[in-house]
Amino acid sequence: MGTQENEQTAVTGRRMLLGAAVLGAGSAVLGLSGTAKAAEARHGGGGVKSLPKPTIIGHRGASGYRPEHTLGSYQLALDMGADIVEAGDLVPTRDGHLVCRHEPEIGGTTDVADHPEFADRRKTKSLDGVATTGWFTEDFTLAELKTLRATERIPANRPHNTLYNGRWEIPTFEEVLRWQDEQTRKRGKQVWIYPELKHPTYFRKQGLALEERVAKVLHKYGRDRRNSPVILQSFEPTSVQRLNKLVDNPLVVLLSGATSRPWDFVETGDPRTVADLIKPAGLREIASYAQGIGPTLDLVIPKDAAGNLTTPTTLVADAHKVGLILHPYTMRNENPFLPANFRKGTDADAYGDVFGAYRTYFATGIDGVFTDNPDTGLLAREDFVNA
């Protein structure tokens, strides 16, 4: 859907307009001052609390416009004005390097299936209890992964992004940190990143523990301090607790659906669900080792059976009461990813009333949001703070 020439022209024109507008509007909102912030940039500034609110976080870069977790996607997010770039869902290679992929299974985000030399690497594994078939980063050396190229993960929703298939390779975490330094110098303003540790329990069982590897790399680059411009996140609370003992970075516990259980809880027999973690007692516990939570947007405003937004929960107030910031996920412009009452038409790649959705979520008092479309998020923030 949305592939006819006139539809392509309309969507492309709209994206160009949004991008051009945010370059002007974003600067005004953020108050960028070039070299005036150079000294602050070298030291990470005033930490997480110094970031604009609501903070606009480029989800896997600007993945609404480029294949996710590529330097092209990260760069575009910065160019659009994102406050933070989620540069890195971190997974390991067979030889212990950290690379940036949404999941360890890379069949859906690279051209690995087009490489006959890797055909025998295709396997079925149990990934956090789910049988998953494909190619996994832990079965490749870094040198082998570097022969692959990134592709668009959801082409049905983002056919335009397939234009960039094959353009970028898989970046390593160290390459991202060097890119962060380079961009900070060029811009005279600290660039922030927000890596996620993926499936820590799964990898620890394979002798590829993530936390120690991440800590080692951050220490090497002097990026493991309280005000370092690197926020670390994970869906597994025990992984965040482990990180809390290894680094001083700001830490965030990611929270999925209310009835779900973090996989580390499943493995250790902890019966608690996310619904337990977002109760006042659970939030107090999280606040003892982390600075924030990253809940799914449905934990902030639930949907009814038809997919329409209902009444906000008390999560924002409850989290703020114990000193936690909230960065929910994920805002996307396309209809299928929006609440039903903000959709327009039926095309899977058409944009809905995303500004209305942003306004509704911002009104709850969230501290920021992950978005695949940083330009749209920045314009929505400008509307909200100037309303």
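The basis for the numbers below is simple: all heavy atoms, side chains too, and nothing from hydrogens, waters or symmetry mates. Along the sequence shown, the residues carry numbers beginning at 1.
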- Please lay out, stage by stage, how Val99 and Leu142 fare under the test side-chain contact (heavy atoms from CB on, under 4.5 Å). CA-CA 8 Å; Val99 296; Leu142 178 59; 3.8 Å; yes
- Message: For a salt bridge (charged side-chain N to carboxylate O under 4.0 Å, His left out) check, start with the C-alpha distance between Glu334 and Arg158, then their side-chain angles and the critical distance, and finish with the verdict.
- Response: CA-CA 9 Å; Glu334 296 91 356; Arg158 292 169 179 170; 2.9 Å; yes
- Item | Residues Phe337, Thr330; criterion side-chain contact (heavy atoms from CB on, under 4.5 Å); working and verdict | CA-CA 9 Å; Phe337 308 114; Thr330 304; over 6 Å; no
- Could you walk me through whether Ile293 and Leu315 pass the side-chain contact (heavy atoms from CB on, under 4.5 Å) test, one step at a time? CA-CA 10 Å; Ile293 56 172; Leu315 179 59; 4.0 Å; yes
- Message: For Asp383 and Arg359: C-alpha separation, side-chain torsions, deciding distance, then whether side-chain contact (heavy atoms from CB on, under 4.5 Å) applies.
- Response: CA-CA 8 Å; Asp383 291 346; Arg359 185 166 56 250; 5.9 Å; no
- Please step through salt bridge (charged side-chain N to carboxylate O under 4.0 Å, His left out) for the pair Arg60 and Asp372, ending with a clear verdict. CA-CA 7 Å; Arg60 307 173 197 164; Asp372 287 9; over 6 Å; no
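Salt-bridge check for Arg204 with Asp264: failed, with every basic side-chain N at 4.0 Å or more from each acidic carboxylate O. Taking a cutoff of 4.0 Å between a charged side-chain nitrogen and a carboxylate oxygen, Asp139 and Arg122 do not qualify as a salt bridge. Between Glu105 and Lys125, no side-chain nitrogen of the basic residue sits less than 4.0 Å from a carboxylate oxygen of the acidic one, so the salt-bridge criterion is not met.
When the side chains of ILVMFWY residues are joined at heavy-atom separations under 4.5 Å, either directly or via intervening members, Ile325 and Tyr329 end up in a single hydrophobic cluster. There is a path of hydrophobic side-chain contacts, each under 4.5 Å, that joins Tyr221 to Leu232. Residues Leu177 and Leu246 share a single hydrophobic cluster, defined by chaining ILVMFWY side chains whose heavy atoms lie under 4.5 Å apart. When the side chains of ILVMFWY residues are joined at heavy-atom separations under 4.5 Å, either directly or via intervening members, Val91 and Trp168 end up in two distinct hydrophobic clusters.
For the residue pair Thr109 and Arg101, a side-chain donor N or O sits within less than 3.5 Å of a side-chain acceptor on the partner. In summary, the side chains of Asp367 and His320 do present a donor paired with an acceptor at a separation below 3.5 Å, with no hydrogens or angles considered. The closest side-chain donor-acceptor pair between Asp95 and Thr93 falls under 3.5 angstrom. Counted by atom type alone, Tyr351 and Thr376 present zero donor-acceptor pairs between their side chains at under 3.5 Å.
Across all their heavy atoms, Pro374 and Ile56 have their closest contact at O-CG2, 3.9 Å. Summarising the geometry of Ala290 relative to Leu324, their closest heavy-atom pair is O-CD2, 3.6 Å, with the distance given to 0.1 Å. A pairwise comparison of heavy atoms in Gly61 and Val85 identifies CA-CG1, 4.0 Å as the closest pair. Between Leu148 and Asp111, the shortest heavy-atom distance links the atoms CA-OD1, 3.5 Å. When all heavy atoms of Leu71 and Pro171 are compared, the closest pair comes out as CG-CB, 4.3 Å. For the pair Glu236 and Trp263, the tightest heavy-atom approach, listed with the atom from each and the gap, is OE2-CB, 4.0 Å.
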Between side-chain atoms of residues 149-156 and protein atoms elsewhere (two or more places apart, or another chain), which donor-acceptor pairs fall under 3.5 Å?
residue: Arg149; atom: NH1; partner: Lys146; partner atom: O; Å: 2.9
residue: Thr151; atom: OG1; partner: Thr110; partner atom: N; Å: 3.3
residue: Glu152; atom: OE1; partner: Asn161; partner atom: ND2; Å: 3.1
residue: Glu152; atom: OE2; partner: Ile154; partner atom: N; Å: 3.0
residue: Arg153; atom: NE; partner: Glu68; partner atom: OE1; Å: 3.1
residue: Arg153; atom: NE; partner: Glu68; partner atom: OE2; Å: 3.1

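Between Gln183 atom CD and Leu78 atom CG the span is 5.5 Å, to the nearest 0.5 Å. Atom CG of Leu283 is separated from atom NZ of Lys321 by 10.5 Å, given to the nearest 0.5 angstrom. Separating the CD1 atom in Ile231 from the CD atom in Glu196 is a distance of 13.0 Å, to the nearest 0.5 Å. Rounding to the nearest 0.5 angstrom, the gap separating the OH atom in Tyr65 from the CG atom in Leu76 is 8.0 Å. One distance of note links CG of Leu51 with CG of Asp83; it measures 6.5 Å at 0.5 Å rounding. Residue Thr147 holds its OG1 atom at 6.0 Å from CD of Glu117, rounded to the nearest 0.5 Å.
For Lys344, there are no salt bridge (Lys or Arg N to Asp or Glu O under 4.0 Å) partners two or more places apart in sequence or in a different chain. Residues that satisfy the side chain to side chain contact (heavy atoms under 4.5 Å, CB included) test with Glu103, not counting sequence neighbours, are Leu127, Lys198, His199. Every residue two or more places apart in sequence or in another chain that forms a side chain to side chain contact (heavy atoms under 4.5 Å, CB included) with Thr360 is listed here: Ile301, Leu309, Phe342.
Checking side-chain atoms of Glu138 against main-chain N and O of Arg94 turns up no donor-acceptor pair under 3.5 Å. A donor-acceptor pair is defined here as one N or O able to donate and one able to accept, closer than 3.5 Å; such a pair exists between the side chain of Asn386 and the backbone of Glu382. Without hydrogens or angle criteria, Thr314 side chain to Ala317 main chain gives no donor-acceptor distance under 3.5 Å. Counting only distance, with no hydrogens or angles, the side chain of Asp318 and the backbone of Lys279 share no donor-acceptor pair below 3.5 Å. The backbone N or O of Gly257 lies less than 3.5 Å from a partner atom in the side chain of Ser260, making a donor-acceptor pair. Put simply, the side chain of Thr162 never gets that close to the backbone of Asn165: no donor and acceptor are under 3.5 Å apart. A distance-only check finds a donor-acceptor pair linking the side chain of Gln180 to the backbone of Val191 [under 3.5 Å].
Using the six-membered ring where Trp is involved, Tyr74 and Trp179 have ring planes that are tilted, between 30° and 60° apart. Between Phe384 and Phe362, the two ring planes are tilted [angle within 30° to 60°].
Other residues sharing the hydrophobic cluster of Val130, ordered by chain and number and joined by side-chain separations under 4.5 Å: none, the residue standing alone.
A ring-ring contact (aromatic ring centres under 6.0 Å, His included) check over residues 123-148, counting only residues at least two apart or in different chains, returns the pairs Phe118-Phe140.
Residues Tyr289 and Pro237 have side chains in contact (heavy-atom distance under 4.5 Å, counting atoms from C-beta outward).
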